[in-house]
Structure formats: C-alpha cells, structure tokens
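Sequential numbering from 1 along the given sequence is applied to the chain's residues. Bear in mind the structure is a predicted one, so any value in this text is a computation, not a measurement.
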Amino acid sequence: MNRGKSTLSATGLALFLFFTGTAGASDSKPPPSLAAPPYLQALTRGRDLLLDHEYEEARRFFEDYTKNHSEDAAGPFGSALVEIIEQVEVADYTQSNRIDAVLERAHESAETWFEKNPRNLFAKFLLGASEGIEALWLIKTDRQLRGYSRAISAIDHVEDAVDAPDGDPDAKGAMGLAYYAIGKYKPRYLPFFSDTRAKGRAALERCVKDAPLMGPLCELFLIYVAKWERRWDDVDKLASSFRKRYPGSLFAGGTHGQGLFGAQRYEEALSVYIDLSQRHPEHPGIHYWAGRVYWDGLHQGKPAQEMWEYALSKNLKPPKAAADAQAGLGEVALEQGLAAEAKIRFDWAQKLDPKNPRAKNGLKKLKELEKK
C-alpha cells in the first residue's frame, strides 16, 4: 500500500466529510435482486428510506435487521448512518456521548465482520465506511486530531478494496468522492497537491452506473458538484431527476433550490422551497432559504420577514445562517423606516457572525443616515 497516497486521500475524505452531507439515487441502477447478499439488500432498503427522509422508519429497520443478522455489520452501520445524517441535516453536534456509542458499536461490528471475512471486499469497504462516518463526527465535534487519524484508517481500507484485482465498485465510488474533495479544497487547505476534480468527477459518473450501494451517493454528490461549478442548468436537470425518485430528500431539494436561486430563477426556486416546506413544515433551513428568495430575489419584505422569523424561532443553525437571517430582518426593518429595530438586528447578527456582509453593510447605512 502507498502510504503517501493514503494520507493524501484521507485528507480529501475528511474534507469531504466536513463540508458535505450525504444521500442520493440512480435511475440506471436497478435495486439488488433477491439473489443479492442480505446485507446489500438491507443497506439498499435502509438507504432508500434515508434518502426519502424516513429517518424513524430507517432507524427501526436497521435495529430489526441487527437482531436477525448479527453475523454481518450492515445493521450497526446503518444505525450509525441514520444518526449522522440526522445530525448533519440540523447542524446539531451536541449529543456527543450517545452518538459516540452508536459509532463505536458500528466500527467494532464492521471490524469483527471483516476479520471473519478478510476476502470479502464489501466487508473491507464497509469497515472503511464506518471509520469514515466516525471521522465525520469527530471532526464536527472539534476532535480533529482523532478524526483525521480515523479518516486515514478509513481511506486505507477503502483503497485496499479498490486496488484488489476485482476492485469493489462501491469503494471506487467512495474514492471518487475523496478525489473531487481534494481538488475542490486544495487551494485553501492543500496548496501543494494536484487538482483531482476531473478524476473525481469521472469516477463519480462511473459510480452512478456501476456501484449498487454508492451509486446514489455519487449521484447526489454530482448535484453538489454542478452547484459548486455554477452549472445551473445541470443542477436543475440532475436534481429534478433525483427528486422524482426521492421527493422527501432535503439534501437534494435544498441544493436544487440554491441552484435555481444562483441562476436567478427565483419563482422556480420558491416553488422548490414551498414543496419542501409542505413535506417538512418545521424545518428551519427551508424557511431561511425561502426568506432569501423572497427578499434577495423577489424583493418582497413581508413574506421574507415571516420566513426568517419562523426559521429563527425553530433554532436555525448553523450560526452563519442565523446571523444572515437576523441581518436580513434588519434590512427589512430598515426599508420600513424602523432604524432602532434594524440596529438591534444587525448587532445581533454580528455577534453570531462578525463577518456577515449584510450586517456590515446595514450598520454602514445606519451611520450614513445618522449623518444626514
């Protein structure tokens, strides 16, 4: 094994885990047949529940599978995946002890399964995947040193599954994610490493066609890639197709709306957020983005105010989003001639995020008004 290559890829994996979420689906890849191994059938079924935002059903499904199939690691891994996806979605990383235990159980189960089946490439891949989601949690909860160490081990196992003569297609998909992440974040974090985005994109496209489990994840990641590369038409095309199969997906729906917003197709973006709000009426992030569409795109203050106030009442996270909503409310108040309220909103936004541009510009405007 090439340790230099492993360390590079591990950094990319950790960056991917840190900056993105998960989920997705594929038109071209049929579901596993009844002849597929039980663990692959289970993970595919649980994956589909997760992608359609059926978290509680997915949680129960993996718990039941664990009871009836203790010989493999699919159940504990799936349970850990449910917890991680749910926490990433709401940007809440406070339940450390409980989730630490779930992740440790998944890791131990995957390790035991692989030790008993060392020639099973999928078992090796799943061991790497369990270490990967554990790395995500450690990094998100400010335990970076342990997180990066776990990521290195994760990518080593995934690389082994890729490099085997009959390399596992799911492992190849995971490597595609890491390659693209390295290329995307290298200017900021990895200045001496080559740009691997083209390599990663090609691997992701193959993954969608070839990987029975990772194919959907790769498809969703390609939607993010299109957004990052500002290919707005591709965002719309990819996300529209994906959401026909997983209409409850917040990850795909949110990215779809942001892509339409970036393309200045505001009415279409609003339609996406209205659909998502009907499916997930209390989710603060949906209302935050709907507020941005109303205010920044359609210049409608009243509905924007309603959206942002609701999002904040539901404990909108992360702090940067909450700061932006507060500052947006300040802009609305300023337009309404409520300078005192605007000042309070802008000050609060700066406490949450000192670099928020809305707050800075708003306070600058208030000072200019005071001089008149």
Extract all donor-acceptor atom pairs below 3.5 Å that involve side chains of residues 102-110 and protein atoms in other chains or at least two apart in sequence.
| residue | atom | partner | partner atom | Å |
| --- | --- | --- | --- | --- |
| His107 | ND1 | Glu134 | OE1 | 3.4 |
| His107 | NE2 | Glu131 | OE2 | 3.3 |

Partner of Trp113 under ring-ring contact (aromatic ring centres under 6.0 Å, His included), picked from Phe77, Phe125, Tyr39, is Tyr39
Run the side chain to side chain donor-acceptor pair (under 3.5 Å) test on Glu83 and Gln87 for me, step by step, so that the C-alpha distance in whole Å, both residues' side-chain angles and the decisive distance to 0.1 Å come before the verdict. CA-CA 6 Å; Glu83 301 296 340; Gln87 299 310 308; 4.7 Å; no
Heavy-atom count check: over 12 atoms from other residues, nucleotides or ligands less than 6.0 Å from Trp232 CH2? yes
When you check the gap from the basic side-chain N to the acidic O, do Arg265 and Asp233 get nearer than 4.0 Å? yes
Is it the case that atom CZ in Arg98 sees more than 12 heavy atoms from other parts of the structure closer than 6.0 Å? yes
Could you note down all residue pairs passing salt bridge (charged side-chain N to carboxylate O under 4.0 Å, His left out) where residues 281-306 supplies at least one of them, sequence neighbours left out? Glu282-Lys314, Arg292-Asp296, Asp296-Arg358, Lys302-Glu306
Test Arg59 against Glu56 for salt bridge (charged side-chain N to carboxylate O under 4.0 Å, His left out), laying out the working first. CA-CA 5 Å; Arg59 187 176 281 109; Glu56 287 305 318; 2.6 Å; yes
Got a donor-acceptor contact below 3.5 angstrom from the Glu331 side chain to the Gly362 backbone? no
Do Ile344 and Leu366 sit in the same hydrophobic cluster, where Ile, Leu, Val, Met, Phe, Trp and Tyr count as joined when their side-chain heavy atoms come under 4.5 Å apart? no
Can Arg243 and Asp275 be counted as an ion pair, charged N to O under 4.0 angstrom? yes
Please lay out, stage by stage, how Trp137 and Thr141 fare under the test side chain to side chain contact (heavy atoms under 4.5 Å, CB included). CA-CA 6 Å; Trp137 182 250; Thr141 51; 3.7 Å; yes
Assess the residue pair Asn356 and Lys320 against the criterion (side chain to side chain contact (heavy atoms under 4.5 Å, CB included)); give the C-alpha distance rounded to whole Å, side-chain angles, the decisive distance to 0.1 Å, and a yes or no. CA-CA 7 Å; Asn356 182 268; Lys320 286 187 176 182; over 6 Å; no
Taking Thr66 for the side chain and Phe62 for the main chain, is one N or O donor matched with an acceptor at less than 3.5 Å? yes
Stepwise salt bridge (charged side-chain N to carboxylate O under 4.0 Å, His left out) check, Asp347 with Lys343: CA-CA 6 Å; Asp347 285 343; Lys343 176 68 164 58; 2.5 Å; yes
Other hydrophobic cluster members with Val332, side-chain heavy atoms of Ile/Leu/Val/Met/Phe/Trp/Tyr under 4.5 Å, chained? Leu250, Leu260, Phe261, Tyr266, Leu270, Val272, Tyr273, Ile274, Leu276, Ile286, Tyr288, Trp289, Val293, Tyr294, Trp295, Leu298, Met307, Trp308, Leu312, Leu316, Leu329
Check side-chain contact (heavy atoms from CB on, under 4.5 Å) between Asp64 and all other residues, then give those that pass, not counting sequence neighbours. Lys67
Taken in chain and number order and not counting sequence neighbours, the residues that satisfy ring-ring contact (aromatic ring centres under 6.0 Å, His included) with His280 are His53
Where Ala269 and Gly257 come nearest, the two heavy atoms and their spacing: CB-O, 3.7 Å
Parallel, tilted or perpendicular, judged at 30° and 60°: which one describes the rings of Tyr180 and Trp228? parallel
Atom NZ of Lys365 with >12 non-hydrogen neighbours under 6.0 angstrom: no
Less than 4.0 Å between a side-chain N and a carboxylate O, is that true for Glu57 and Arg45? yes
Are Leu121 and Leu213 linked, directly or through intermediate hydrophobic residues, by side-chain heavy-atom contacts shorter than 4.5 Å (ILVMFWY only)? no
For residues Leu334 and Leu363: do they belong to one hydrophobic cluster (side chain heavy atoms under 4.5 Å, members Ile, Leu, Val, Met, Phe, Trp, Tyr)? yes
Does Asp72 have any side-chain hydrogen bond (donor to acceptor under 3.5 Å, both in side chains) partners at least two apart in sequence or in another chain, and if so, which? Tyr65
